[in-house]
Amino acid sequence: MLFRIFAAWLKWRKNWDSLCYRCGRCCYMRTVRPDGRVIIHYKDPCENLDTKKRVCKIYEERLIKCNHCKKVDLFTALFDPTLPRTCAYGKTFRLWKKRRD
């Protein structure tokens with residue numbers, strides 16, 4: 001399984017952001033329930049999210065200008081419990097979840 005994760009990372013590392021579905025779900029406040037489910041608070045979007053187009057208005061500068069925004073790296077894709085189940089990063093790299101689902 002580690003080899004498959006590494007192979008997927010090699011495939012996407014140069015075009016990392018192109019893996020994203022641009023669904024905008026990571027731009028809403030989220031909590032993780034005790035059972036592990038992620039609850040997305042759709043009434044609480046980031047102020048930089050264009051909710052109609054579901055794109056960040058400051059995308060290129062988001063990591064500098066927004067305190068809530070965090071870069072999704074490989075570690076985050078593998079282990080961050082707040083990533084929604086439908087996130088492309090999680091779907092690509094959490095191979096053990098594919099077996100359970």
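- Every residue two or more places apart in sequence or in another chain that forms a side-chain contact (heavy atoms from CB on, under 4.5 Å) with Tyr21 is listed here: Ala88, Lys91.
- In terms of the side-chain contact (heavy atoms from CB on, under 4.5 Å) criterion, Ile64 has no residue partners (sequence neighbours excluded).
- In Arg54, the CZ atom is not crowded: 12 or fewer heavy atoms of neighbouring residues, nucleotides or ligands sit closer than 6.0 Å.
- Residues satisfying the side-chain contact (heavy atoms from CB on, under 4.5 Å) test with Lys52, not counting sequence neighbours, are Asp50.
- For the pair Arg22 and Asp17, the minimum side-chain heavy-atom distance is below 4.5 Å.
- Ring centroids of Phe93 and Trp16 are separated by less than 6.0 Å, placing the two rings close together.
- Going from atom OG1 of Thr31 over to atom CD1 of Ile39 covers 6.0 Å, rounded to the nearest 0.5 Å.
- Judged as a ring-ring contact (aromatic ring centres under 6.0 Å, His included), the pairs with a partner in residues 42-61 (not counting sequence neighbours) are, in order, Tyr28-Tyr42.
- A distance of 15.0 Å separates NZ in Lys43 from CD1 in Ile40, rounded to the nearest 0.5 Å.
- In this structure, Leu10 is a member of the same hydrophobic cluster as Trp12, with clusters built from ILVMFWY side-chain heavy atoms closer than 4.5 Å.
- For Cys87, the side-chain contact (heavy atoms from CB on, under 4.5 Å) partners are Leu83, Pro84, Tyr89, not counting sequence neighbours.
- Within a 6.0 Å sphere centred on CG of Asp35, other residues, nucleotides and ligands contribute more than 12 heavy atoms.
- Side-chain atoms of Leu49 and Lys57, non-hydrogen and from C-beta on, never get closer than 4.5 Å to each other.
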Acceptor/donor pairs from residues 72-80 side chains to any protein atom, 3.5 angstrom cut, sequence neighbours excluded:
{"from": "Asp73", "atom 1": "OD1", "to": "Phe75", "atom 2": "N", "distance (Å)": "3.3"}
{"from": "Asp73", "atom 1": "OD1", "to": "Thr76", "atom 2": "N", "distance (Å)": "2.8"}
{"from": "Asp73", "atom 1": "OD1", "to": "Thr76", "atom 2": "OG1", "distance (Å)": "2.7"}
{"from": "Asp80", "atom 1": "OD1", "to": "Thr82", "atom 2": "N", "distance (Å)": "2.8"}
{"from": "Asp80", "atom 1": "OD1", "to": "Thr82", "atom 2": "OG1", "distance (Å)": "2.8"}
{"from": "Asp80", "atom 1": "OD2", "to": "Thr82", "atom 2": "OG1", "distance (Å)": "3.3"}

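- One distance of note links CD of Glu47 with SG of Cys56; it measures 9.5 Å at 0.5 Å rounding.
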